[in-house]
Amino acid sequence: MPRRRKRARSGESSLFKEAEGDGRKRFEAYYRAQLLGSVVRDENDFTEMMTTFDRALPATFRFTKESGITDKLEAELQGLTTPSRLEWLNRRGWRLPIDRNSIRKLAELRPLHLWLQALDEAGEITRQEAVSMAPPLFLQAKPGEFVLDTCAAPGSKSSQIIEELADTDGTKDGFLVANDSSLPRAHTLVHQIKRLSSSRYAVTHCDARQFPGTACFDRILCDVPCSGDGTARKLPPMIHNWNSNRALSLHALQTDIAKRAFGLLKQGGRLVYSTCSLNPIENEAVVAALLAAFSQDIELIDASDIAPKLKRRPGLITWHVFEDLDESSNTGGTQSTYFGLRKLTAVKGSNMRNTIFPPSDPTIAAQLVKTMRFLPHDDDSGAFFVAVFFKKSSIMPNIASTQTSIIPASRSGSKKPKPEDMRFVELSTVANIDAICDFYGLTDPTFPRDCLLTREVGDGDAARKIILVSRATKNFILSSRARIVHAGVNVFHRTSQQGTIMPYRLAQDGIHLILPFITTRRIVCPPQDFALLLKGGSIDFTLFSSTFVQHVQPLQCGSFVAVLESLASEKTSQDQNKSSLAVVSWRGDGNYINVYCGKSDISAIANRFAALQDNTIVPLDAVADDDEEENHHAIEDDDDS
């Protein structure tokens, strides 16, 4: 049942009687009172903002740093539409002159739709709202740093951070912990990040307010759950169903998440707090609460020198606390102002905090202009709020998590525990790692065999999937009490195929990481045979060239990797740009080859193959019709909320 709003008490000032029963009118009246004359300069500026909210949001995306064929893809894009660059994003971001719904629905835009889908699934691009790319930009993560994304789902910002952690020379071992409090959303997060095939991350499922551990992170992003009214161009119901209660109910949660994050941040570290909300209760009020709580330990940074081409406005130094009345009440349909916690808690309940109100300390209020507001009409985007903090000294221990473990009880008591409840262990403790390495010729002493992990299994069971993680990621996984949903890249899968002496086959997901070390099951493939493998499925020997068959036929039944001839002699680091063209296949017990490569992987490889041959890149029409665009942490309207 939806919660009914309580009636206003006598003595409270009344505003915006005309806003009764209309979410848009409430939205407009509320933000006229909050923003006009400060963040929003004048009535014309305000009208332009509201008019922009009425327009559909242009689709935007960015090329991933790992893409080895960006120039080719940009040429293809300009043949499909008339895009413009997001100049503030190091020339990697693009804005299309069309909104995402039109791209999905209009038949004449189907080629563009398929192009975007295929490249998104392949990890060549990430579809993401432009202003949503700002928080990771201000985080400024660098290779070798340990980073936490406290509320990471659905994962576009996390993937952006991972790109920044990529180490080209192989000497810096940084990693990302991407966390979310919802297990289904955590799995969405895994899907988003897995596209990048990185060994430098772990996805966790925890309440961010109780994330276990000590101050071990160099950078932390707190893109907290919020009311989400800044996303109204993408989600019009955000305005039509708008009320101020959402912000009031979320302030305490947002503050507590950020407080816990400061306890996890190293001295000298950076924390970015962000929301996709316009509401000062969720924005400046939270920042003021943090400054008041840790006045000697943290500093609000002026980040105006970062991405100067990205238009932003300074934050508020004061605001109002309004209350929406029940639309069915007989009080005249007014919106009321509260001037203190006593009256507010009398109406809203005891979960309200005094930090909802503007700070009484003028030194704190003066700092709030360092926060940044991104408005939709400044850069044809959604609305966002960003604050950047520096941790000067150790935070008092009263914000540290007192919980020693957040692993659910099902780990020890359930007959069939969920996969997330089975902890990761080193592969060598549960499987014959020597046999695997010998079969694939992984004998190079630099091969990181100690970084092969798998889920702990019961007696008599065998490990199903084997992942490869960076050493720093491994150390986190094995020492943390967090619930690990996924980490790193799958490099081996257990197979039920008959006739092989090796029960573990290669996984396409991570082949680029172990390809430089494989010696005995690595077959050079001429271009014409490689093109045939990209058709997928089971392929008879008679269709391949005799040269290729001569190399495959002597192999024992089992998994092998076919490497494009021109790249066969190249050996690159684990953080190569995924340019190696290799297809995981299976040498059957007859005269045939099975291709173990999914549709999205085939699409990615086919695009790179076409780029090498200077052909037109055509995405596969068979790619799933899902839209994995960024979906901000907006709290949905819920009857039980």
Side-chain angles (χ1 to χ4, degrees), residues 23-24 27-28 48-63 73 76-86 89 93-122 124-134 153-157 159-160 184-185 188 191-192 195 226-242 276-278 374-384 600 603 619-638:
R24 180 183 170 80
F27 177 90
E28 185 172 344
E48 186 179 358
M49 181 182 77
M50 293 304 302
T51 301
T52 305
F53 269 122
D54 290 334
R55 295 201 303 266
L57 184 69
T60 51
F61 70 90
R62 55 185 170 79
F63 287 104
L73 295 177
E76 288 290 326
L77 173 64
Q78 293 174 359
L80 292 168
T81 184
T82 54
S84 58
R85 289 188 186 273
L86 301 175
L89 197 67
W94 289 88
R95 176 186 287 113
L96 306 183
I98 319 150
D99 66 276
R100 62 186 187 131
N101 287 330
S102 296
I103 292 174
R104 282 200 302 262
K105 295 177 181 179
L106 298 180
E108 61 268 29
L109 296 178
R110 182 167 176 78
L112 175 61
H113 185 202
L114 294 173
W115 188 90
L116 291 168
Q117 282 183 322
L119 296 182
D120 183 78
E121 286 289 333
E124 300 285 358
I125 67 171
T126 296
R127 290 181 286 171
Q128 183 179 3
E129 186 176 347
V131 75
S132 171
M133 304 177 200
S156 293
K157 297 182 187 68
S159 62
Q160 193 174 345
R185 285 174 61 85
T188 300
H191 175 75
Q192 179 71 261
R195 302 173 307 116
C226 68
S227 60
D229 54 18
T231 67
R233 294 186 69 184
K234 184 170 66 175
L235 303 169
M238 284 292 179
I239 285 185
H240 301 317
N241 301 323
W242 188 90
C276 53
S277 169
L278 286 166
F374 302 89
L375 299 184
H377 57 304
D378 284 343
D379 201 21
D380 199 11
S381 66
F384 233 84
S600 61
S603 175
L620 299 184
D621 286 4
V623 173
D625 197 33
D626 295 331
D627 189 347
E628 295 295 340
E629 277 191 282
E630 171 71 73
N631 215 356
H632 294 298
H633 296 285
I635 301 298
E636 302 285 346
D637 243 336
D638 193 322

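For the atom pair L89 CG and L86 CG, the distance stands at 6.5 Å (nearest 0.5 Å). Put simply, CE on M238 and OG1 on T231 are 4.0 Å apart, with the number rounded to the nearest 0.5 Å. L116 CG to I103 CD1: the interatomic distance, rounded to the nearest 0.5 Å, is 5.5 Å. Between the CG atom of L235 and the NE2 atom of H240 there is a distance of 11.0 Å, given to the nearest 0.5 Å. Here CG of N101 is found 9.5 Å from CG of L106. Values are rounded to the nearest 0.5 Å.
Annotation: side chain of P58 is not in contact with side chain of L96 (no heavy-atom distance under 4.5 Å). Side-chain contact check for L80 versus W115: some heavy-atom pair is nearer than 4.5 Å. Residues L112 and L77 have side chains in contact (heavy-atom distance under 4.5 Å, counting atoms from C-beta outward). Using a 4.5 Å heavy-atom threshold, the side chains of D378 and T52 count as separate. A 4.5 Å side-chain heavy-atom check between D54 and M50 finds every atom pair outside the cut-off. Looking at R95 and D379, their side chains come closer than 4.5 Å, going by heavy atoms from C-beta outward.
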side-chain contact (heavy atoms from CB on, under 4.5 Å), that's the test. Do H113 and R100 meet it? Break it down for me.
CA-CA 9 Å; H113 185 202; R100 62 186 187 131; over 6 Å; no
Steps toward side-chain contact (heavy atoms from CB on, under 4.5 Å) verdict (F63, L73)
CA-CA 9 Å; F63 287 104; L73 295 177; 3.5 Å; yes
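Of all heavy-atom pairs spanning A118 and S603, the tightest one is CB-OG, 3.5 Å. Across all non-hydrogen atoms, the minimal contact from S277 to G228 is CB-N, 4.3 Å. A pairwise comparison of heavy atoms in W94 and Q78 identifies CH2-NE2, 3.4 Å as the closest pair. Closest of all the heavy-atom pairs between G230 and F53 is O-CE2, 4.1 Å.
Distance alone, capped at 3.5 Å, is enough to place a donor-acceptor pair between the T60 side chain and the Q128 backbone. A side-chain donor-acceptor contact under 3.5 Å links R233 to the backbone of A56. When atom types are taken as modelled, the side chain of E129 and the backbone of G382 share a donor-acceptor pair closer than 3.5 angstrom.
A side chain to side chain donor-acceptor pair (under 3.5 Å) with T126 is found for exactly one of Q160, Q192, R195, namely R195.
No hydrogens or angles considered: a donor-acceptor pair under 3.5 Å links the side chains of R62 and S159.
For R85, the side chain to side chain donor-acceptor pair (under 3.5 Å) test picks out E74, with sequence neighbours left out. Here S102 pairs with D99 under the side chain to side chain donor-acceptor pair (under 3.5 Å) rule; sequence neighbours left out.
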